[in-house]
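Input: a single structure, listed below in structure tokens.
Residue numbers start from 1 in every chain, and the chains themselves are labelled A, B, ... in the order their sequence lines are given, proteins ahead of strands. For the numbers below, each heavy atom of this structure counts, side chains included, while hydrogens, waters and symmetry mates do not. Everything numeric here is computed off the predicted structure, so don't read it as measured data.
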Amino acid sequence: MEDLQIKATKYTPEIDFNATNRVLEIKGKSYPENTFEYYKPINAWVQEYFASVDDEETLVNLDLEYLNSSSSKAYFDFFELLDLAREEGKSVVVKWIYDEENDIAEETGEDFIDDFEGLNIELVVKS
Amino acid sequence: MNIFSAGLSIRNKIFLLFGLMITIIAITIFMILPQIKETIIDNSKKEMVTTTKLASVMTESLFDNSIRNYLRGVSESHRNTVEYYYKKYKDGSMSEEEALQHVEALLLSHRLGKTGYMVVEAIDNEKLTFAVHPKAKGMDVTKVGVAQQVAKKQDGYIEYEWKNKEDTSTRFKIVAISSFKEWQMVVGATLYKDELYSLMDKKEFRKSLHNANLSEEKSSIFTVFDINGEVIYHPTLHDSNLMMLQDEKTGRYFTKELIEKIKLSESDETSGWMEYSFSSHGIQEKIMRYIYLPKYQWIVASVINKDEVLRTYNTLKVKLAIAIVIMLVIIILLAVIAANYLNKRIGHLIQATQMLSNNEYDFTLIKRANDEIGSLETSFDNAREKIKVLIHKQEDLTANLEVKVQERTTELQKTKQEIEEAHKHIKDSIEYASLIQSALIPDHNKFQQYFKDYFAIWQPKDMVGGDIYLFEELRDDNECLLMVIDCTGHGVPGAFVTMLVKAIERQIVADIKHSDDVVSPAEILRIFNVSMKNLLKQEDVNSISNAGFDGQVVYFNKKEKIIKCASARNEIFYYQDDGLQVIKGDRHSIGYKDSDANYEFTEHTIDTSKETTLYIATDGFWDQNGGEKGLPYGKKRLKKMLENIHNESMEKQEAEFLAAFEAYRDGSDVNDDVTVIGIKI
């Protein structure tokens with residue numbers, strides 16, 4: 001499976017999905033105009049990816065400074081895909097990385113933990 | 001060389017080169033000249049040696065011949081005298097004895113020069129029977145070697161050396177003999193060679209020497225003089241003595257000096273050189289080659305003007321000088337021609353180059369010769385042709401380009417105008433839309449009826465926005481409804497959703513007004529949720545629209561001193577004397593596809609019998625990026641600000657909110673629409 005790499009823009013984060021190492025990384029801010037359209041291919045890749053992997057662990061590093069409301073919803077969809085994969089028996093570890101001063105990101109991470117109790121989501125504070 | 005020639009033109013370089021060549025040739029010639037001079041002098045001297053030797057041999061031979069002829073004549077005439085007396089004896093007029101006595105007397109009386117004399121010998125069977133000799137009259141000369149030779153030879157000459165008692169050294173003598181068979185006699189005439197000169201015919205001798213023409217050069221003379229300086233032969237001086245001749249410059253007696261030198265010399269074969277100056281057509285440096293002839297005590301000499309010797313050399317020098325001058329002229333001429341030629345050739349190239357740099361390409365540089373410059377001309381012309389083609393292409397392209405640029409510019413201007421028109425149209429539309437949206441914003445006069453104090457910040461990111469706040473009076477003067485709604489997105493789509501929200505809200509308010517039911521904000525949110533989903537057909541899985549909102553609904557009953565509120569997502573902050581309270585919104589948005597139509601929102605109640613300050617806002621405020629790290633403003637920072645300002649007047653608080661927002665943003669783009677409402681009860 002081919003890797004997915006999208007460079008960061010002013011409105012979108014850097015995406016670096018490595019299928020070989022099984023490390024999916026997203027880093028930056030997200031407030032595109034057409035959020036759902038933008039995340040459609042990314043979520044599609046994730047679906048395809050989990051269809052192809054075996055039970056080896058996949059690490060998901062999310063370092064998202066800012067999500068607008070529609071991006072939050074897009075990431076909710078993303079987490080649902082992860083949760084679905086987990087339910088199918090894939091091993092998924094999510095690291096929610098945020099700056100110690102960024103309480104919005106922290107809260108978002110906590111909300112995802114609440115929403116996806118079955119997922120292994122770890123909060124990682126950057127100082 | 002490079003340093004010297006760097007500033008010189010090619011012409012001058014050629015001149016310099018040719019000049020160097022001439023200089024080298026001239027230096028070479030002048031270096032060889034002394035050797036040439038020496039060789040010429042050597043040759044002349046060798047010639048003089050030969051000439052002098054020849055002259056001496058000639059002189060000797062001529063003189064010998066003269067002596068012999070003279071002596072033979074004498075001896076033969078005396079022999080005739082002897083014959084005369086023999087005939088006298090034979091015809092009987094004299095006895096033999098008388099006849100012999102006459103012969104003896106006659107011959108003894110005869111003298112030759114100073115010391116010469118006649119001798120007679122009569123020999124019979126090699127025995128001397130008769131002898132006549134002036135010094136030893138009748139002596140027996142059989143023991144004398146010469147007498148023996150004479151007796152044996154009978155006719156001819158005998159040369160010998162003889163030393164008289166009075167002489168210091170031997171002298172050369174010669175005897176000529178003639179035989180007279182009848183008496184078996186030999187008649188001889190003998191003489192010292194050096195004495196003969198006075199006897200001989202000098203004129204004849206000189207003539208024969210002169211005819212020998214021994215002097216080849218004009219200035220050279222040939223001379224013979226004796227050991228006493230007496231001239232024997234000289235082309236101009238006759239019967240003179242050279243002894244007193246003086247060197248014109250030094251005054252020395254050079255002939256005397258020479259003779260003394262010869263006298264002192266022990267060798268008989270003496271020859272050598274002498275130099276002196278003497279006047280003949282002006283004072284001349286002379287070179288003399290001399291040979292001493294001891295037999296006659298003569299000196300044979302050749303004399304030549306030194307100038308004569310050097311004439312060949314001087315002529316050569318003049319010829320060389322002329323040759324160099326001619327060479328110089330020719331070389332300078334050649335240099336000028338070569339330089340002009342090169343200059344002309346290079347001139348064409350320079351001219352061509354200048355034309356090129358003046359952007360003139362329409363000419364042809366002709367190849368003028370089949371040489372290196374010719375190759376340069378050819379390749380230059382090829383380059384020129386290529387440049388010309390390139391320039392023409394370039395010009396065509398430029399011209400084309402200009403036309404294209406003009407066309408594009410026109411197109412672009414047209415497009416720009418169209419876009420500007422479209423933009424103006426859209427802007428006008430949106431501006432009008434914003435007027436419409438502004439009409440939705442509640443009349444603040446009504447706020448004053450319900451709240452002690454209040455502020456309302458409503459700042460859409462663009463002209464219209466997705467944020468809206470609503471205020472409604474309900475069934476009496478005590479009930480009112482305050483809502484802050486953050487619809488999906490911002491701008492025009494957000495604004496559309498706000499219109500929808502307003503429409504639903506009007507319906508809900510109308511329903512409330514027509515019923516006596518207790519007002520429930522949670523129920524209001526539920527109705528919004530269901531209505532939105534219905535209106536946007538978001539129950540349908542295939543629907544492409546996915547819009548909704550987050551927001552707070554606050555119901556205030558002044559009479560009952562109560563606030564009831566519910567929230568989708570966003571917090572409700574309020575201050576009472578026991579400090580800041582935060583009501584977290586339900587984590588459920590309104591109207592979205594994945595929103596649950598059956599979701600029951602949580603309702604919260606606040607007792608407002610105490611002074612209460614309540615704030616509701618959209619995430620546009622706390623999500624705004626800024627600060628050092630570009631992070632969202634955050635709820636912690638908001639709470640901290642509220643702690644600081646909640647006791648201030650609402651006007652002041654509004655200002656603090658705005659100031660905090662701008663200070664944190666610090667020029668960064670505004671992310672989203674911002675709405676903050678504060679009320680004091």
Side-chain angles (χ1 to χ4, degrees), chain A residues 8-14 27-40 43 62-81 83-84 96-117 121 125-127, chain B residues 461-462 466-467 485-494 497 543-551 568-571 582 584-595 618-640 668-673:
Chain A
T9 69
K10 192 177 173 188
Y11 304 104
T12 56
E14 180 190 344
K27 192 176 191 311
K29 297 168 185 171
S30 176
Y31 54 118
E33 290 291 333
N34 50 346
T35 315
F36 297 109
E37 288 299 310
Y38 181 79
Y39 281 102
K40 225 178 220 173
N43 285 346
L62 299 172
D63 182 355
L64 290 154
E65 279 176 14
Y66 167 61
L67 302 176
N68 68 359
S69 2
S70 55
S71 292
S72 296
K73 287 174 176 58
Y75 278 93
F76 191 89
D77 294 346
F78 177 76
F79 271 94
E80 277 192 323
L81 291 176
D83 203 33
L84 202 68
W96 182 266
I97 303 157
Y98 63 94
D99 192 283
E100 59 181 351
E101 291 174 28
N102 193 348
D103 57 295
I104 301 293
E106 182 183 3
E107 195 185 314
T108 311
E110 282 166 355
D111 287 349
F112 282 129
I113 290 170
D114 286 350
D115 290 336
F116 300 95
E117 285 176 343
I121 304 172
V125 185
K126 289 195 289 185
S127 54
Chain B
K461 185 184 177 220
D462 305 309
D467 274 16
I485 307 290
D486 176 3
C487 299
T488 313
H490 45 84
V492 174
V497 183
S543 168
I544 31 166
S545 104
N546 189 11
F549 70 83
D550 295 341
R569 300 274 178 194
N570 293 337
E571 279 81 353
V582 180
K584 277 203 93 177
D586 292 321
R587 278 210 318 286
H588 196 279
S589 295
I590 306 295
Y592 288 95
K593 263 176 147 181
D594 54 0
S595 297
T618 56
D619 61 1
F621 190 86
W622 58 71
D623 278 351
Q624 176 60 47
N625 292 116
E628 278 179 19
K629 295 179 182 174
L631 298 172
Y633 185 85
K635 288 169 193 169
K636 277 185 192 165
R637 206 175 259 110
L638 173 64
K639 287 180 207 166
K640 206 172 170 189
S668 314
D669 290 345
V670 175
N671 289 354
D672 202 354
D673 305 327

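Using a 4.5 Å cut-off on side-chain heavy atoms (C-beta onward), B/Leu631 and A/Tyr66 make no contact. Inter-residue side-chain proximity for B/Lys629 and A/Lys126 is flagged as unmet; no heavy-atom pair is nearer than 4.5 Å. Between B/Asp619 and A/Ser69, the closest side-chain pair of non-hydrogen atoms falls below 4.5 Å.
Here CD of B/Glu628 is found 8.0 Å from CD of A/Glu101. Values are rounded to the nearest 0.5 Å. With rounding to the nearest 0.5 Å, the separation of CD in B/Glu571 from CD in A/Glu107 is 5.0 Å. A/Tyr31 OH to B/Asn671 CG: the interatomic distance, rounded to the nearest 0.5 Å, is 5.0 Å. Note: B/Asp669 CG to A/Lys10 NZ = 3.5 Å, rounded to the nearest 0.5 Å. Atom CZ of residue B/Arg569 and atom CG of residue A/Asp111 lie 7.5 Å apart, to the nearest 0.5 angstrom.
Using a 4.5 Å cut-off between heavy atoms, B/Lys639 makes no contact with chain A at all. Only the side chain of A/Asp77 comes within contact range of chain B, judged by heavy atoms closer than 4.5 Å.
Residues passing the side chain to side chain donor-acceptor pair (under 3.5 Å) test with A/Thr35 are A/Ser70, sequence neighbours excluded.
Nearest approach of A/Leu67 to B/Asp623, heavy atoms of both residues: O-OD2, 3.9 Å.
A donor-acceptor pair is defined here as one N or O able to donate and one able to accept, closer than 3.5 Å; such a pair exists between the side chain of A/Asp103 and the backbone of B/Lys635.
Under a cut-off of 6.0 angstrom, the local environment of CD in A/Glu100 is crowded, with over 12 non-hydrogen atoms contributed by other residues, nucleotides or ligands.
With respect to B/Pro632, the side chain to side chain contact (heavy atoms under 4.5 Å, CB included) criterion is satisfied by exactly one of A/Asp99, A/Thr108, A/Ile104: A/Ile104.
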